[in-house]
Amino acid sequence: MSGTIAELMSAQSSTNPDERPIRVRMAPSPTGPLHIGTARTSLYNYLFARATSGTYVLRIEDTDLARSTPEFEHDILDNLHWLGITWDEGPQAAGGEDIGPFGPYRQSLRMDRYAREADRLLQSAAAYHCWCTPEELDAVRREQEAHREPPRYNGRCLRLTDADRAAFEAEGRRPAVRFKVPPETIRFDDLIRGEVEFDNGLLGDFVIVRANGVPVYHFTVVVDDEQMEISHVIRGEDHLSNTPRHIALIQALDYTVPRFGHMPLILNPDRSKMSKRLLQTAIGAYREQGYLPEAIVNFLAFLGWSPGTEEEIFSLDELAARFEIGEVHKAGAVFDESRLDHLNGVYIRSLNDADLALRLRPLLAEAISDATLAGLVPLVRERMVRLTDAVELTGFLAEPDDVVAGWWDVDDLLPKGRDLAEVAGALGVARDELAACGDWSAEELEAAARGAAGELGWKPGDFFRPLRLAVTGKAVSPPLFGSMVLLGRERTLARLDAALERLRAAAPA
RNA sequence: GCCCCCAUCGUCUAGAGGCCUAGGACGCCACCCUUUCAAGGUGGAGAUCACCGGUUCGAAUCCGGUUGGGGGCGCCA
C-alpha cells in the first residue's frame, strides 16, 4: 500500500513544506506601548518556537516614522522581557545591538532591500507607478461607496500613456508604487483554520511603496519574512484577509510561501475587537497595578488555547511543554478581568515570603522597614488581588498616628447594640490588659484581649472592632494582633489612648 | 456593499458519533470556618450545545442552509 505512505509524506510536507528549519517571528511596531494583543501573539509564537525547538526572531517594524518612538520600543522590549518572553535573534534591548545573522532587525535600517525588491517588481511589470493623490483616491472611494461598490483602486494609473506620466512628472508629482494583483484564487492551509480560499480578482491593486519612498507594511513583512527565512507566520486573525495579498506578493517575488496560522482575536466585553476605549490594553499598566507576569502569561495563554485537561495553572515552561498550535481555537475570546484577578491572587498566594517581600518592597513606603515588611507578608498575602493592594492594607503602618486617627469617626467604633460608655469602658480594659502583657506577641495579645472580652461578656468580634479601628484606622484590616505587633507596643498603646480620649470627650458625662 | 472567519453556561473553556440526564474554572448566591476582610471548605442557580434541515440505529460532535457576531477591504501596522 504505497499510497498510504505517499499520503503520509504529503501530509508531513504540507506541515513543513520544504523541511526548512522552523523560524518564527514577532514584529511589534513601536507606535505605542506593548499591547495585550501583541503580548499574546508574542507569547504564542514563543511557545510555538519552544515547542518545536525553532528559532524566535524579534523584528521592529518602524516604517511609520512619524509615530514610532524609542520610548515605545523600550516599553515593548522591556515588558516582553518582564513577561519572561525571550528571543534568539533581534535587538535584545531598545536601541541595543542586534543578535543574529539576518540583521538588521529594524525595518528603518532595511530600506535599501525594500527599494531593491520594489524595483524588481517594477521591472517585471508586476508593479507600476501610481500618481493618484490621496484626494483623488478618496474621491474615487466615496464614489464607489455611493454606488455600493466595493472600495478598491480603479486602476487609473495602469492605463496611463507616456504623455500622462510626463505630465505628472512635470507637475512635480512623485509616484507611489502599486502592486498589480493577479486575479487568481489563492488557497492556503492555515495552521489554525485549515483550508482557506480567497479570490484575489476581487482585490484592487495596492500600494507597496509610498510616494515618499517609504514602503508599506504588506510589502515589508513579505520581504523581511523571506530574507529572515521565517517558516511559520503566526499572527492575529485580523491579518487573515491580508494573507492572500501577501501570498500574491510572495509569488510575484518568487519567494517561498511560509505556513500561516491566524489566532483568534482578543475581544472587548461586547465582543468587538479589543480596544483601548473599553479595556486597559497596555501591559505596562497591568504591571504598574501589581499584576504578576506569571499570572498574565497564564491568563493570556488560555485566551484561545487550552491543554485539553482541567488543569489551569501553568508556568511559562509548562506551557511551552504542552503547547500545540493545532489546538488553538478559532473563535475570539473575551478578556475577562475578573478571571485575571483570580489568577493573580492565586500566583500571589503561591509566592514564598522572601519573594513576595521583594516584589512588594518598591511599592511600599520607606516608613515600613524591611523587618516590618517581613512580618507583614504573611498577614497580607491572602488579602491581595494585586500587589498594589498592599499599599492600602499597610497604610496604618506607613502613616503617622494622627493621620490614621483621621480615618475613623467615634460612631464607627460602636458595635451594634453598644453605646459610647460601654465601648469606652471595654476599650479601657483592653488597653490595660494589652499593656500588661509581658511579651508583645500576637499570641499573648490575643489571649489577653479574649480574656478581657470574656470577663466583660462581650463577643470577641464586637470587642475587637473598636480596637481594630483605633489601631489600624479601618473596619477592615489585616489580622488585628499581628498588626499590633508590627506597629509596636508604644504606638499601639498611644493610638488606644488617643481613641479613649476621643471616646470620653464624645460621651455624655 | 463585497470578501473571509467564527458560533458549548454571563465569561474562559472540556468535548474530535454512543462514556453527555454536557464536565471544570471565573463570577454570582447560600452555608461552614472565622477577630474584620480575605483565603479555604461545602452546596446551589446558571447551556433545550444559535436556529432549521439532513446523514446515522444514534449528533454538541459529520454535511447543507439560515440567523447572529467578528475581521478585512488605507500612500496604518
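Order of the sequence lines fixes the chain letters, A, B, ..., with proteins taken first and strands second; residue numbering starts at 1 for each chain. Just so it is clear, the values below take in all heavy atoms, side chains as well, and ignore hydrogens, waters and symmetry mates.
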When you match A/Ile192 and A/Arg174 each to their closest nucleotide on RNA chain B, which lands nearer the 5' end?
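Result: A/Ile192.
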On RNA chain B, does the nearest nucleotide to A/Glu237 precede the nearest nucleotide to A/Trp305 from the 5' side, or the other way round? Give the residue.
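It is A/Glu237, whose closest nucleotide lies nearer the 5' terminus.
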Nearest-Å distance, [atom1] ([X]) to [atom2] ([N])?
X        : N     : atom1 : atom2 : value
A/His246 : B/G74 : NE2   : C1'   : 13 Å
A/Glu135 : B/G74 : CD    : C1'   : 14 Å
A/Leu240 : B/G69 : CG    : P     : 20 Å
A/His329 : B/G69 : NE2   : P     : 23 Å
A/Arg152 : B/C3  : CZ    : C1'   : 10 Å
A/Arg25  : B/A77 : CZ    : C1'   : 11 Å
A/Leu469 : B/C37 : CG    : P     : 13 Å
A/Glu337 : B/C26 : CD    : P     : 18 Å

Would you kindly check if the NZ (Lys) or CZ (Arg) of A/Arg178 is within the cone defined by 45 degrees around the ring axis of A/Tyr153 and under 6.0 Å from the six-membered ring centre?
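Judged by the rule (NZ or CZ under 6.0 Å from the ring centre, within 45° of its axis), A/Arg178 counts as positioned above A/Tyr153.
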Do the numbers put A/Arg245 on top of the ring of A/Phe179, so that NZ or CZ is under 6.0 Å from the six-membered ring centre and no more than 45° off the axis?
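Because its charged atom misses either the 6.0 Å distance or the 45° angle limit, A/Arg245 does not stack over A/Phe179.
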By the 4.0 Å heavy-atom rule, please label [X] as base, sugar-phosphate, or nothing.
X        : result
A/Pro479 : base
A/Leu265 : sugar-phosphate
A/Pro151 : base
A/Glu311 : nothing
A/Arg349 : sugar-phosphate
A/Pro478 : base
A/Arg468 : base
A/Ser338 : sugar-phosphate
A/Ala331 : sugar-phosphate
A/Leu202 : sugar-phosphate
A/Thr63  : sugar-phosphate
A/His147 : nothing
A/Ala211 : base
A/Leu303 : sugar-phosphate

Check A/Arg142, A/Arg173, A/Arg141 against A/Glu136 for a salt bridge (charged side-chain N to carboxylate O under 4.0 Å, His left out) and give me the one that passes.
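Among the candidates, only A/Arg173 passes.
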When A/Arg381 is tested against each of A/Asp355, A/Asp389, A/Asp353 for salt bridge (charged side-chain N to carboxylate O under 4.0 Å, His left out), which residue passes?
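Testing A/Arg381 for a salt bridge (charged side-chain N to carboxylate O under 4.0 Å, His left out) against A/Asp355, A/Asp389, A/Asp353 leaves exactly one candidate, A/Asp353.
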Closer than 4.0 angstrom, basic N to acidic O: yes or no for A/Asp164 and A/Arg159?
no
Sticking with atom [atom1], work out how far [N] lies from [M], rounded to a whole angstrom.
N     : M     : atom1 : result
B/A14 : B/C49 : C1'   : 12 Å
B/A39 : B/G1  : P     : 48 Å
B/C29 : B/U21 : C1'   : 24 Å
B/U11 : B/A50 : P     : 13 Å

Ignoring the backbone of A/Glu446, work out which of B/C76, B/G72, B/U35 is nearest its side chain.
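That would be B/U35.
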Nearest to the side chain of A/Asn242 - B/C75, B/G72, B/U13?
B/G72
Searching all strands shown, indicate the nucleotide that pairs with B/C33 (Watson-Crick or G-U wobble; both distances under 3.5 Å).
none
So what's B/U67 paired with, Watson-Crick or G-U wobble, going by both distances under 3.5 Å?
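Paired with B/U67, as far as the under-3.5 Å criterion goes, is B/A7.
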Quiz item: [X] side-chain donor-acceptor pair to [N] base, under 3.5 Å:
X        : N     : result
A/Ser272 : B/G70 : no
A/His218 : B/A77 : yes
A/Arg383 : B/C37 : yes
A/Arg339 : B/A25 : yes

Using only heavy-atom distances, determine whether the side chains of A/Asn298 and A/Tyr347 contain a donor-acceptor pair under 3.5 Å.
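Yes - a donor-acceptor pair under 3.5 Å links their side chains.
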Go through the steps for A/Arg113 and A/Asp224 under the test salt bridge (charged side-chain N to carboxylate O under 4.0 Å, His left out), then give the verdict.
CA-CA 9 Å; A/Arg113 294 166 197 258; A/Asp224 288 341; over 6 Å; no
Taking all atoms of both residues into account, what is the closest heavy-atom pair of A/Pro104 and A/Arg110, and its distance?
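Nearest heavy atoms, A/Pro104 then A/Arg110: O-NH1, 2.7 Å.
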